[in-house]
Amino acid sequence: MSERRFFTEKSNIIGGHVFLMGDEHRHLSIVLRLRQGDNVVVCDGTGKEYNAVVSKIEKSRTLLDIVSEEYTNSEPRLNVTLYQGLVKGEKMDFIIQKATELGVTKIVPFTSKYTVAENSLSKNDRFYKIALSAAKQSRRAIIPEISEVQNFDDLLKFVKNNKNVILAYENENANTLKQALTNIKSKVVTLIVGSEGGFSTEEVEELMSVGAVSVKLGKRILRAETAAISILACTMFDLNEWE
Ligand code: SAM
């Protein structure tokens, strides 16, 4: 049962016991109203999960006794980072939720010339909660990292210093995603998808000049959220993460 799945820092796992504090303690004791003797699964965010029994519920923390531990095999071998042009409102929430289910490792929201969504710091806490909830529901061992919103120069610097960067670009006429993935020899891939307004020609040229490979996702213009989910799903499938 994914709703009885909790995440805690490794440091909260001490000598056969687990401590849950903060939101996770409140979720267990108030939202789910679990009680002493109830079974839960606790993930330490490194790939390990612990079958545990609620032993004591205090005001500000829950103490659990570990019954057994195992490595979760729900994590992909592929380390995929999605650089996602900031999109408005719930569309970003949707992308974070679906990308988490699909196995993304990190999401980096960024702004570019045609970004229309407002960039406010308050987003990050909400984004984290969406990733946490999706990680629980999809029984992941880790919660994908959602970084602070970056700007186009940060994106350019990242592309310059990293390999295996694929840019989804609707005006690309030669490269296909299949070809781009065939050339990937490592297990670390970065996918870039634009915001509702897409990229300027100059931005695309700059990204390609520092090593990004642009690919077409079919002959139709996809919404940003469709493109993000599609390119991630196709990458996972093509690189054998769906076996
Ligand atoms: N330039 C688009 C237009 O003419 O309406 C607006 C951008 S589109 C809504 C959002 C993003 O999805 C694009 O920046 C691109 O990254 C991706 N995208 C959409 N359709 C695509 C396609 N057919 N091939 C590759 N990428 C696509």
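No hydrogens, no waters, no symmetry mates; every other heavy atom, side chains included, goes into these values. Counting starts at 1 for both ligands and their atoms, in listed order.
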S.K.: With a 4.5 Å cut-off on side-chain heavy-atom distances among I, L, V, M, F, W and Y, is there a chain of contacts connecting Leu207 to Val108?
M.R.: yes
S.K.: What are the atoms of ligand 1, with element, lying closer than 4.0 Å to any heavy atom of Tyr169?
M.R.: 24 (N), 25 (C), 26 (N)
S.K.: Taking 4.0 Å as the limit for heavy-atom contacts, which would you say applies to Leu167 with ligand 1: side chain only, backbone only, both, or neither?
M.R.: neither
S.K.: Would you say the side-chain atoms of Asn151 and Thr111 include a donor-acceptor pair closer than 3.5 Å?
M.R.: no
S.K.: Distance under 4.0 Å to a non-hydrogen atom of Ile221: what atoms of ligand 1 satisfy this?
M.R.: 3 (C), 5 (O), 20 (N)
S.K.: Starting from atom 9 (C) of ligand 1, find the nearest protein heavy-atom neighbour and note its residue, name and distance.
M.R.: Leu222 O, 3.2 Å
S.K.: For ligand 1, note which part of Arg220 has a heavy atom under 4.0 Å away: side chain, backbone, both or neither.
M.R.: backbone
S.K.: Would you call Glu75-Arg140 a salt bridge at under 4.0 Å N-O?
M.R.: yes
S.K.: Indicate the atoms forming the closest heavy-atom contact of Asn124 with Glu148, along with that distance.
M.R.: ND2-CA, 3.6 Å
S.K.: With respect to Ile192, determine whether any N or O atom, backbone or side chain, lies less than 3.5 Å from an N or O atom of ligand 1.
M.R.: no
S.K.: Test side chain to side chain donor-acceptor pair (under 3.5 Å) on Glu172 and Ser214 and set out the steps.
M.R.: CA-CA 6 Å; Glu172 168 57 47; Ser214 65; 2.4 Å; yes
S.K.: Which protein non-hydrogen atom lies closest to atom 21 (C) of ligand 1, naming both residue and atom, and how far is it?
M.R.: Glu170 CB, 3.6 Å
S.K.: Is Glu172 touching ligand 1 with its side chain, its backbone, both, or neither, if touching means heavy atoms under 4.0 Å apart?
M.R.: neither
S.K.: Are Val215 and Leu82 in one and the same hydrophobic cluster, where Ile, Leu, Val, Met, Phe, Trp and Tyr link if side-chain heavy atoms are under 4.5 Å apart?
M.R.: yes
S.K.: Is the shortest N/O to N/O distance between Ala227 and ligand 1 below 3.5 Å?
M.R.: no
S.K.: If you have a sec, work out which protein heavy atom is nearest atom 24 (N) of ligand 1 and how many Å separate them, to one decimal?
M.R.: Leu217 N, 2.7 Å
S.K.: Quick one: which ligand 1 atoms are inside 4.0 Å of a heavy atom on Glu196?
M.R.: 6 (C), 7 (C), 9 (C)
S.K.: For atom 10 (C) of ligand 1, find the nearest protein heavy atom and state the residue, atom name and distance (0.1 Å precision).
M.R.: Ser195 O, 3.2 Å
S.K.: Going by an N to O cut-off under 4.0 Å, is there a salt bridge joining Lys48 and Glu70?
M.R.: no
S.K.: Counting only heavy atoms closer than 4.0 Å, does ligand 1 sit against the backbone of Ala168, its side chain, both, or neither?
M.R.: both
S.K.: Give the numbers and elements of all ligand 1 atoms closer than 4.0 Å to a heavy atom of Val193.
M.R.: 12 (O), 16 (O)
S.K.: Within the structure, is a non-hydrogen atom of Val215 found at a distance of less than 4.0 Å from ligand 1?
M.R.: yes
S.K.: Can you confirm whether Glu241 sits close enough to Pro76 that some side-chain heavy atom of one is under 4.5 Å from a side-chain heavy atom of the other?
M.R.: yes
S.K.: With under 30° as parallel and over 60° as perpendicular, where do the rings of Phe110 and Phe199 fit, or are they tilted in between?
M.R.: parallel
S.K.: Purely on distance, is any nitrogen or oxygen of Gly194 under 3.5 Å from one on ligand 1?
M.R.: yes
S.K.: Is Ala228 touching ligand 1 with its side chain, its backbone, both, or neither, if touching means heavy atoms under 4.0 Å apart?
M.R.: neither
S.K.: Answer with yes or no whether the hydrophobic clustering places Leu78 together with Ile229; edges join I, L, V, M, F, W, Y residues whose side-chain heavy atoms lie under 4.5 Å apart.
M.R.: yes
S.K.: Could Lys91 and Glu196 be called an ion pair, given the rule that one side-chain N must be under 4.0 Å from one carboxylate O?
M.R.: yes
